[in-house]
Number of protein chains: 2
Amino acid sequence: MADERPIDAPPARAPADPRLRGFADRVTLERAQAWIDGRAVRLPPVEVDAAVAAGRVLAAPVVAAADHPPAPRAGEDGYAVRAADTVGASTYNPLSLRPEGAAGPLGPGAAALVAAGTSLPQGADAVLGFDAAQEAGGGVECIAPAAPGGGVEARGRQARAGAILAAAAQRLRAQDAAWLASLGVARVSAVGRPRIRIAVAGAKREGGAAAPDAHLLLLAALVARDGGELEPVPVASGLRDALRRALAPPAPDLVIVTGRTGAGPDDDAPGALAELGELAIHGVALRPGGSAALGTLAGITAALLPGDPLACLVVYELIAGRLVRAAAGLAPGLPHRRRDARLARKLVSTVGVTEVCQVRLAAGEAEPLGAHDFGGLATAARADGFVVVPAPLEGYPAGEAVTVHEY
Amino acid sequence: MADERPIDAPPARAPADPRLRGFADRVTLERAQAWIDGRAVRLPPVEVDAAVAAGRVLAAPVVAAADHPPAPRAGEDGYAVRAADTVGASTYNPLSLRPEGAAGPLGPGAAALVAAGTSLPQGADAVLGFDAAQEAGGGVECIAPAAPGGGVEARGRQARAGAILAAAAQRLRAQDAAWLASLGVARVSAVGRPRIRIAVAGAKREGGAAAPDAHLLLLAALVARDGGELEPVPVASGLRDALRRALAPPAPDLVIVTGRTGAGPDDDAPGALAELGELAIHGVALRPGGSAALGTLAGITAALLPGDPLACLVVYELIAGRLVRAAAGLAPGLPHRRRDARLARKLVSTVGVTEVCQVRLAAGEAEPLGAHDFGGLATAARADGFVVVPAPLEGYPAGEAVTVHEY
């Protein structure tokens, strides 16, 4: 019988326990990514107030319900006129128009004071600014001719009824949300916000009681950037209890555990996941981040991130974050701005392992920052971005053009 | 007597009232910027929890109080050993070491199981990973020699006592705050957050009751980006009342009014400012944004931004925002990322007026987006950034290299 597993499926057997033995077989980064991508689902749309929609991804286009403006209006402060009445006006031939109110229809030979943005009186077809028309001796003296439509904001100039104001899948910026609000759009259909629960099981490096904060601070910022919300789960009663709490309704879209993923005797996070759910992958050919694990818990995807904060960051960005971004309606790949740069010096990498190297940018060059052998955020705190070295390469020579993902 | 006013001071006489007459003499953008820069003061430092310091600007460097780690620790999961005991070990010549606990001093010929990040037992000077050492038959079988210091994270490797962990004037990113937290830094000295009060006096264009929201949405996002906080002041009881409320303690660092700045009959914001405080500048040779005004109110700087949302955005970015950024400890200039691009087509500008042109980026080219004659955010909502055309120029030809400030 043929093997029917798709090519990117993880091995059918459970990952070997690396404790006290080390990782016998790590999966490729691509396989880990394919596994998480296979579980990523864009969330269903929700109705959101346009006023708080900045940062949200539209689930459906926003369509103009009517013309904006709905009728021609003054494009500047000045006098509404009939253009035909101003033909021949100049400083040598000032014409005097009769002042009228802006509310009623404008009679022939008349001018009505209007403020920018207010409706034109019926009959008017142009607005003369105060450089061309001013009150003088009880009349309005006009010293330049108006072109028909001059100074007038035509009906529908901002947007035509039926026009797409913002496209589906677009992430609204503040100015986009402000624009929609200014057009009277009250609500929009947006992709739901992924809910991520996190249990900080251990932060072994850079010790001290404060270390778990680093995981929460880091991941809260990254998850928010990716359109999601991070909810911490207490771990005081043990990891198994925390995993159960993490599933409490409303169900999360992803459960993250940080720490306790390695080969040490106390690295019990993968075991806890295997016990309460399914451990699909443990160990990825990625550096830092090689002890990452993936699995499910009552049908919900779980990602176990290493306790070292830099490895935690890297595994979130390259693996777990893909699910968050896809759920939020964003592209799953790395969301950083990219910049092409030449390497200031040689960058050495291990063949067979995808390496993520922190770099500093200076004068258009990317300078690789030290080794990350002992992890920690010290390097990332000095970095402007990072370079991903694919597994087949043993690095890059100095001067090589690389893509920097900028922080 | 010589004129002792500095060259960049505004005219000593009060600005002329442009209502029903138009702007007789607008000041240059540079003069308006010099006026606001002359009133910008970096706020005094405040103590802030490191855990919530992301986005804050440091008022003083953060210095490591001790070495991190404070003592050598295991850099990986494995066995702590004395390197000298492993000389000559290989797969052909496995050496057996005596298992000991990690708590006590490590005896000669012994190995102690350690987890990455935990202290080395006294006497140990290397850690062998599980690829080099594993338990076998009651002993620890070692198949590779350890180099002294191998697998060990030396004392102070993350940071040395006295080292600068983060520099003064640096704006902390999430990873920087996380790093400080992971090193046990509890509090940092940060520049205060500027408090900006805003009264939405009028939003004349893109009518409808929702339009004022556009000002608040837009400016709240921009002020937050610039390190400040925006507090709306109700205007239901009139603009003069709103201006008085805007001064309520704790005193703001800037008062912003949006709308009612132009030449129309109802443009009473500059008059209100002149009545309750001092109107220093009204009218700037800037497009959009030419009706902007600046002044003071009980010693507090006030900026009057045009009601058109796009002009409001431009005047905030180029003028009012400078004070916010400087108060927050940031560089006062435009904070956008810059990108060099060639113009996809000719960009026409008026000589004597600084023009801000919205552009869309496509295939490395900057495409100028329509005219902004009638303002509105429609253009900014389609734009990827903007180009600033200095007042002396009449624009740029197609193909010209320009700097795009990216949204």
Side-chain angles (χ1 to χ4, degrees), chain A residues 20-22 51 54 68-69 75 77 113-118 129-131 134-135 153 157-159 165-166 173-179 181-184 186 203-208 210-211 213-214 217-218 221-222 262-267 307 309 313 337 373-374 376-378 380-381 407, chain B residues 20-22 51 54 68-69 75 77 113-118 129-131 134-135 153 157-159 165-166 173-179 181-184 186 203-208 210-211 213-214 217-218 221-222 262-267 307 309 313 337 373-374 376-378 380-381 407:
Chain A
L20 309 194
R21 311 198 69 80
H68 297 281
D77 300 315
L113 185 62
V114 288
T118 56
F130 297 118
D131 51 340
Q134 288 196 11
E135 239 180 52
E153 190 177 2
R157 188 173 184 296
Q158 295 284 333
L165 301 175
R173 301 169 297 180
Q175 70 221 58
D176 304 324
W179 187 48
S182 78
L183 295 184
K204 294 193 298 188
R205 295 180 193 275
E206 306 185 45
D213 284 350
L217 287 175
L218 203 57
L222 298 177
D266 58 352
D267 282 315
L313 182 155
R337 293 209 190 206
D373 300 9
F374 300 116
L377 286 172
Y407 287 127
Chain B
L20 311 194
R21 312 199 67 81
H68 296 282
D77 301 315
L113 186 61
V114 288
T118 56
F130 298 117
D131 50 341
Q134 288 197 9
E135 241 182 50
E153 190 177 3
R157 188 175 184 295
Q158 295 284 334
L165 302 174
R173 301 167 297 178
Q175 70 221 59
D176 305 323
W179 187 48
S182 77
L183 294 183
K204 293 194 298 187
R205 297 179 191 275
E206 306 187 40
D213 283 350
L217 287 175
L218 202 56
L222 298 176
D266 58 351
D267 281 316
L313 182 155
R337 294 209 189 206
D373 300 8
F374 300 116
L377 286 172
Y407 287 127

Checklist line | Shortest non-hydrogen contact between Ala378(B) and Trp179(A), atoms and distance | finding: N-NE1, 3.2 Å
Check: Among Leu218(A), Leu217(A), Leu222(A), whose side chain to side chain contact (heavy atoms under 4.5 Å, CB included) with Gln175(B) holds?
Finding: Leu218(A)
Check: Roughly how far apart are Asp266(B) CG and Leu113(A) CG, rounded to 0.5 Å?
Finding: 9.0 Å
Notebook entry, point to check: Within a radius of less than 6.0 Å around CZ of Arg21(B), do more than 12 heavy atoms belonging to other residues, nucleotides or ligands occur?
Noted result: no
Item checked: Contact summary for Ala178(A) and Ala214(B), nearest pair of heavy atoms -> O-CB, 3.4 Å
Notebook entry, point to check: Using non-hydrogen atoms only, which part of Ala54(B) is less than 4.5 Å away from chain A: side chain, backbone, both, or neither?
Noted result: neither
Notebook entry, point to check: Relative to chain B, which segment of Ala380(A) carries a heavy atom at a distance below 4.5 Å: side chain, backbone, both, or neither?
Noted result: both
